[in-house]
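Contents: one structure, followed by commentary.
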Amino acid sequence: MSRYNSRISEPKWQKKWDESEIFCANRDESKNKYYVLEMFPYPSGRIHMGHVRNYTMGDVVARYKSAQGYNVLHPMGWDAFGLPAENAAMEKGIHPGDWTYQNIADMRAQMLPLGLSIDWSREFATCDPEYYGHQQAMFIDMMAKGLAYRKSALVNWDPVDMTVLANEQVESGRGWRSGALVERKELTQWFFKISDYSEELLNALDNLDNWPEKVKTMQANWIGKSVGLEIKFPVTQKYNGFSEIKVFTTRPDTLSGASFIGISPDHPLSKDLEKSNKDVLSFNAKCRHSGTSQQDMDKAEKIGFDTGLTVSHPLNPKKILPIWIANFILMDYGTGAIFACPAHDQRDLEFAIKYSLPIIDTFFSIENKIKVKENAFVPPKTEIVEWVDHFTGITKASGEEAIDLTIKLAEDTGWGKSITQYRLRDWGASRQRYWGCPIPVVHCEKCGVVPEKKENLPIKLPKDITFDKPGNPLDRHSIWRNCSCPSCGDKAKRETDTMDTFIDSSWYFARFTSPRSNTPVDNKEASYWMNVDQYIGGVEHAILHLLYSRFFARAMNLTNHLPKKAIEPFNALFTQGMVTHETYSIPEASSIKRKVWYSPDEVHKKNNKILVKDTGKEAFVGPTIKMSKSKKNVIDPQDIIDQYGADTARWFVMSDSPPERDVEWTTSGVEASWKHLNKVWRLVVDAKNDTTSKNKEDLILERSAHRSINEVTKGIESFSFNKSIANLYDLTNTISKSKAGSGAKISALKVLSKLMMPFTPHIAEEIWEALGELELISKSPWPKANRELLESDDVTIAIQVNGKRRSLITLSKSLEKKEIESLALADENIKKILNGALPRKVIVVPGRIVNVVL
RNA sequence: GCGGGCGUGAUGGAAUGGUAGACAUAACAGACUUAAAAUCUGUGGGCCUUGUGCCGUGGGGGUUCAAGUCCCCCCGCCCGCACCA
């Protein structure tokens with residue numbers, strides 16, 4: 001009894017929680033619900049410290065809200081489709097499904113000892129046919145509404161692995177797995193019409209008050225709305241039906257400075273020219289080969305090709321501008337063509353200098369003309385500038401005024417129109433992969449692309465596949481592939497593309513509300529549980545996952561799979577920081593640049609040096625970075641739980657850093673957490689053996705406890721868990737030093753254990769029981785601070801003279817300003833400083849400060 | 001380049017415009033111990049002339065009775081996006 005043993009206590013309480021089913025969520029319309037969700041994990045096989053931090057945060061919120069009387073939903077599942085399973089299949093010869101389900105079992109077994117208040121009865125994996133079957137049904141409904149469609153598009157194609165790669169999977173122009181040069185290939189692919197929602201997804205961000213500003217800004221930038229002018233430039237020659245070039249600009253005010261037209265190598269005109277002109281063909285090929293990776297982009301020099309074709313300037317038909325193909329113009333933004341204004345756009349200027357194209361400054365000042373030789377002058381939008389525009393007649397205007405005038409002129413004359421352009425492109429949803437949700441359509445020679453009949457769902461992945469050849473095994477599985485057409489009954493072939501795994505994670509939160517429903521989502525359950533009240537996860541999902549989910553919720557609503565109230569599914573979002581650790585390394589003898597890395601358990605500390613255990617050599621302490629296998633700075637949660645218990649790990653990850661920032665894992669920090677929990681337990685044992693009777697210290701202790709209730713509650717509410725924990729340390733120290741009677745100490749310890757419960761639930765239960773309580777602390781209500789006890793009658797305030805603290809006095813809170821002032825002036829220290837002088841002014845802020853101004 | 005964030009002891013970090021450094025770690029000293037660990041007590045921004053003194057929240061200026069906090073300029077770091085017309 002004298003020592004707290006987490007190895008015995010933790011499983012004991014986990015079993016009791018499990019038996020009493022207290023974390024099972026049931027719809028109860030009479031109670032307010034609270035839905036806490038952490039981003040579900042990919043079943044890699046092992047949990048890491050990032051998981052521990054993420055799920056502990058969610059658990060603190062869930063347990064706290066539950067204690068506050070909310071009907072809490074806190075589920076867990078698995079984002080189980082994806083490439084790693086196929087890689088494992090290729091490397092180890094295991095079936096991706098077997099590999100995945102084994103990993104899920106392993107990870108669940110590692111998560112259970114954390115004592116999370118999760119409703120495991122709702123668990124599912126996205127690779128369960130029941131789950132992806134509903135996804136297929138929704139896909140069919142979205143096809144019917146035109147939200148899912150097929151089109152031909154340029155994709156990153158890995159010729160060795162024979163699959164499409166996402167942009168993130170292309171490194172320096174090469175496939176991340178095969179190392180093969182990636183080709184840009186035109187393929188017919190499935191898309192979701194997310195672009196229909198550009199405006200709405202952008203506008204709705206304004207209502208997401210409890211999302212981090214940073215994430216909202218990132219999404220807004222990603223959607224990338226720009227308002228501008230689309231201008232038609234008539235082509236002066238007759239060429240294959242290309243009578244005009246449409247360009248998009250956000251700065252129509254610089255139109256008079258246009259010196260040439262630039263088109264993308266992928267522009268229809270460019271593609272047409274390459275058919276008949278070998279030089280164009282080789283130029284375009286050169287452009288397509290570079291340009292995929294970030295590094296290439298940075299270094300990429302601007303190159304161009306003069307097509308020989310020309311257009312006339314809409315403001316002055318006599319003015320003729322050449323059409324160039326230029327590598328810096330993107331086909332998938334705007335019209336894939338620009339008018340170049342070298343004087344007022346840096347990119348255009350670089351290009352113009354290189355190819356000796358005219359630089360036409362439309363601004364009056366001589367200063368500009370000198371500057372413009374190296375740096376383009378971007379006309380300010382708000383400031384009024386002198387103009388020298390012969391075409392529009394503008395002489396003095398701000399950029400904004402000039403833009404408006406030019407747009408009006410264009411619309412009146414008919415050579416242009418105001419349009420809104422978005423950067424957001426439709427969501428490419430198909431992958432040439434096995435381990436994903438099959439797209440439920442068939443290709444029929446007679447009927448074309450036909451959706452499967454819903455009664456045939458789920459279209460299950462075949463189990464008997466091989467990975468001995470590159471490419472998609474579904475393509476080679478002729479039994480699975482060959483089917484009959486749902487429409488005419490003739491022979492047909494199944495679609496072998498599978499869905500992007502981001503689709504799986506775009507609606508799992510809705511499925512959690514009714515995980516066994518025979519429709520994708522049960523309307524009654526979703527109406528009650530949605531929205532997610534608090535969503536917690538890594539900021540790396542700020543754009544893709546969170547934007548896709550926002551779109552998918554709207555698409556589900558349109559296809560009657562989700563109530564209207566859930567179209568913005570996450571009321572509050574919290575993005576937590578990473579878990580980091582120091583790195584240890586020794587440079588290799590052959591090259592200083594190459595290093596041998598050592599894991600934290602391969603080194604030990606001696607005389608302030610880090611020594612490698614095996615060799616005794618000194619290792620260098622490197623930067624503190626995210627735990628990663630390659631740098632070996634990884635701490636396995638399992639080891640920590642085995643050694644110290646889950647409560648210690650939970651307490652530590654929540655203690656030092658604010659949750660949105662990175663937390664550095666340190667051995668000393670973990671040991672301190674462990675020591676602290678043991679200290680709390682000793683206090684409990686001591687208090688029970690204590691015979692001190694009631695005394696005047698009781699009230700002081702009681703006041704401290706109530707102040708802590710207030711502070712810890714505030715900390716949890718504001719996601720400042722580190723502050724809550726600092727306060728719990730404070731309360732522990734106060735109890736430890738208190739001379740109060742045993743009764744008061746026990747009361748204070750009960751408060752302490754309640755406040756600790758969300759963070760360290762096992763030891764909290766153990767204390768609760770030791771102090772004679774029969775109910776589970778996990779079931780008992782959150783304590784309420786008694787306002788009368790929060791503040792004492794006396795208050796210590798500082799007295800400043802000219803803003804510098806000179807003395808402290810303790811006085812009754814109820815005193816009037818005048819009384820405080822005279823007490824302050826009567827203070828010995830203040831009297832000495834004043835030395836008889838009369839203050840000019842005395843500022844009294846009751847309960848805070850007195851400032852004497854001389 | 002554009003957008004967002006940050007800069008406080010040796011370290012992680014506290015501070016509704018009102019006593020800067022709560023709480024924790026590392027370090028040091030003392031108690032207990034044959035000893036170590038554990039535990040307990042204390043010191044813990046800098047400086048000197050040791051006064052209840054002066055300086056101190058990246059640097060400079062400003063507003064205020066009062067600035068880590070608000071405003072302006074500069075420096076540095078981190079994150080995101082990026083030839084987006």
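Values in this document were obtained by computation on a predicted structure and should not be read as measured data. A note on names: the letters A, B, ... follow the listed sequences, proteins ahead of strands, and every chain is numbered from 1.
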- request: Figure out the NE2/P separation between A:His676 and B:U39, and round it to whole Å.
  value: 12 Å

- request: Provide, to the nearest angstrom, the distance between the CG atom belonging to A:Asn678 and the P atom belonging to B:C40.
  value: 11 Å

- prompt: To the nearest angstrom, how far is A:Met578 atom CE from B:C78 atom P?
  reply: 13 Å

task: Give the rounded distance in Å between these two atoms: CZ of A:Arg707 and P of B:A22.
output: 17 Å

Atom-pair distance (CG on A:Asn221; C1' on B:G4), nearest Å: 9 Å

message: Taking A:Gly537's backbone N and O only, do any of them form a donor-acceptor pair with A:Thr575's side chain (distance below 3.5 Å, no angle check)?
response: no

task: Between A:Ala726 and A:Ile843, name the one whose nearest nucleotide on RNA chain B is closer to the 5' end.
output: A:Ala726

query: Rounded to whole angstroms, how far apart are NZ on A:Lys714 and C1' on B:U16?
result: 9 Å

- prompt: What is the distance from CG of A:Leu728 to C1' of B:A14, rounded to the nearest Å?
  reply: 15 Å

task: Quick one: stems involving RNA chain B, counted as three or more successive Watson-Crick or G-U pairs, both distances short of 3.5 Å.
output: B:1-7 with B:75-81, B:10-12 with B:23-25, B:27-31 with B:39-43, B:45-47 with B:53-55, B:58-62 with B:70-74

- request: Mind checking A:Lys216 for me? I need base, sugar-phosphate or nothing, with any heavy atom below 4.0 Å counting as a touch.
  value: nothing

field: Backbone N/O of A:Ile625 and side chain of A:Asn633: donor-acceptor pair under 3.5 Å
entry: yes

query: Is the NZ or CZ atom of A:Lys302 positioned over A:Phe351's six-membered ring, under 6.0 angstrom from the centre and within 45° of the axis?
result: no

- prompt: With rounding to whole Å, what would you report as the distance between B:G21 and B:C55 at their C1' atoms?
  reply: 16 Å

- request: Between B:U41 and B:G46, how far apart are the P atoms? Round to whole Å, please.
  value: 24 Å

Separation of B:A82 P from A:Leu424 CG (nearest whole Å): 13 Å

message: So for atom NZ, which belongs to A:Lys417, do other residues, nucleotides or ligands contribute more than 12 heavy atoms lying within a distance under 6.0 Å?
response: no

task: May I ask you to say what A:Val845 touches in the nucleic acid, namely base, sugar-phosphate or nothing, with a heavy-atom cut-off under 4.0 Å?
output: base

